[in-house]
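Note on naming: letters A, B, ... go to the chains in the order of the sequence lines (proteins, then strands), and numbering restarts at 1 for each one. Side chains are part of it too, since the values below use all heavy atoms of this structure and drop only hydrogens, waters and symmetry mates.
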There are 2 protein chains.
Amino acid sequence: MQTRQRRSRLIDFVRVRGFASLDDLVRELGVSESTIRRDLDALEEQGTAKRTHGGVLYAGGHARLPEFDERQPAHWGAKRAIAAAAAERIHDGETVLLDGGTTTYEVARLLVGRSIQVVTNSLPVANLFASESRADLVLLGGYVSPRTGVCLGPYANELLGRLHVTTTVLSAAGITAEGLYNAHLLLAETEQAMLRAAGQVFVVADSSKFGRKSLTFVSGLDSIDLLVSDTGLSEEWRQQIAAAGVDLVVVEPAPNEPLDGDHHPHRDDRSKPSREHHT
Amino acid sequence: MQTRQRRSRLIDFVRVRGFASLDDLVRELGVSESTIRRDLDALEEQGTAKRTHGGVLYAGGHARLPEFDERQPAHWGAKRAIAAAAAERIHDGETVLLDGGTTTYEVARLLVGRSIQVVTNSLPVANLFASESRADLVLLGGYVSPRTGVCLGPYANELLGRLHVTTTVLSAAGITAEGLYNAHLLLAETEQAMLRAAGQVFVVADSSKFGRKSLTFVSGLDSIDLLVSDTGLSEEWRQQIAAAGVDLVVVEPAPNEPLDGDHHPHRDDRSKPSREHHT
DNA sequence: TGACTTATGGTCGCCTTCAACCATACTACG
DNA sequence: CGTAGTATGGTTGAAGGCGACCATAAGTCA
């Protein structure tokens, strides 16, 4: 009766590796393929593991945040290109404050491996840097919003009040001529604190955000130093932004599925995901 | 020439889901199976994805913390049993403060889905509860230690000073008659703050920790209310702990591979992973 | 002791997946 | 215009995984 032990070892094994083939498990546990199959059936029914053709996938841990699951293909290409343009403008040795949100998360992905200091209130962003020995990571504490995985509340704001960073990379739910808007009341306060802590402020927002308001006002355009968006931005908006004294970088949402109509990209570069036009 | 777009979408898709079958990808991307296969070959060579029989596994993100990868089989059975015993003693509606460490992580895993409030300084623990709507999560901020993924430093301690929790579940690197020891200087301070914030204190530590000192002294045994360990604990230690006025729960490290010599466990229960002896 | 339950390992068709090959369409280049 | 390179889709024989069935062993219960 060592079946419980074996299954326990099995799930440990799968958890550590994320995935294991039937053959791996036969070798690791020293039992027959049939037994492994029965174990997997049991564990799948129990919900701990998920079978695939040829192996098992760990299903127990790694909760996923809903916001990151729903990808809107139309915006993803833009988000990635915007993130690339923002990440290019952050240099080694800087201290970067990263907001929550999917676009800033993309920025964070591109910063992994760089020698920087990262401050963030976003749990997904923190995970990216947690095991990075090259980057120092400071996490803002407080209440964690279940939907987005960001830290909110007075504690986060208070800690921010005592920090100073080179660059803050902020997201926004909406942008109008008045300024930035966000969908969460507490988050707005935290973002205001982020603005105060920053030497310079980048805002990353795809063109669909412009002209939209959201629940709460965060800040006027005057506190922004650089705004990164995509080519979907109309000429009027570009002028309004320039009039507000904000630098604007517009990138092409190229490497994904959206429109990307008839022009010939003529790519022979391998890594650069987009071209950009600076005003 | 939309192959780069397609591959970009492919890896996005795989990243979000963690795993995707060939058929999923055919449906999602609207190209033939052959094309998908070629894409996967390319992406695998590039290192972004890992092929398995029947599908792909995302290989790019999800940095894993080294401490959680190395599983010492001899201790894992004990850790799991200890965690189960500790989790049983936490009731719905309580506020629980969870320390970092692998044993406390196991406790956290067992608490997922319960209606509790969780406070933690551990990033892996926070991830478990981040998308849990049933549990409220408060994360301590501060500098994140790259090896263990826990938040340290004055900010964490300061926030702790303003909190009060029902139960603190603490880990330890070593336990002697004098008390608890830990391997990290800053963490010791944070753990002292955790003790001050707690109504009652549980310490989870397998028997190998006893008699070992570590870098810094954390606290005397008198601040502990309950100590959970495994049957490897010698009779002398049990008496010493009892003499210090600490409740002791000893569990059998059964359901894993270690020794587990000649005694007959006689299990006919299905869910209880261990028997325990309360003093 | 005998019937029953459970755990395990082996085998046998059936189905899926794989890798390789071939045909087609499109582009680039001379 | 022809040739070469590339991207794609379809097919096919081979390999491997899958589920079901059966046999064996050990333990449980009456």
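- B/Ser208 and B/Asp206 share a donor-acceptor pair across their side chains, judged by distance under 3.5 Å alone.
- A/Arg7 comes within 4.0 angstrom of no nucleic acid atom, judged by non-hydrogen atoms across all strands.
- Note: CG (A/Asp23) to P (D/dG16) measures 10 Å, nearest angstrom.
- Rounding to the nearest 0.5 Å gives a distance of 10.0 Å between CZ of B/Phe210 and CD of B/Gln240.
- A/Ser207 contributes atom OG, which lies 7.0 Å from atom CD1 of A/Ile82 (distance to the nearest 0.5 angstrom).
- Between the CG atom of A/Asp24 and the P atom of D/dG17 there is a distance of 11 Å, given to the nearest Å.
- Remark: A/Arg51 pairs with A/Arg37, A/Leu40, A/Asp41, A/Glu44 by the side-chain contact (heavy atoms from CB on, under 4.5 Å) rule, at least two apart or across chains.
- Near DNA chain D, defined here as any heavy-atom distance below 4.0 Å, the residues from residues 31-41 of chain A are A/Arg37, listed numerically.
- Among the atoms of the strands shown, none is found under 4.0 Å from any heavy atom of B/Ser21.
- Distance CD/B/Glu33 to CZ/B/Arg38: 11.0 Å, rounded to 0.5 Å.
- One distance of note links OG1 of A/Thr52 with CZ of B/Phe19; it measures 4.0 Å at 0.5 Å rounding.
- One atom, CZ of A/Arg51, and another, P of C/dT17, lie 14 Å apart when rounded to the nearest Å.
- Spacing between atom CG of A/Leu29 and atom P of C/dT8 amounts to 11 Å, rounded to whole angstrom units.
- Following rounding to the nearest Å, B/Leu10 (CG) and D/dA7 (P) show an atom-to-atom distance of 15 Å.
- Rounded to an integer number of Å, the gap from B/Leu22 CG to D/dG9 P is 14 Å.
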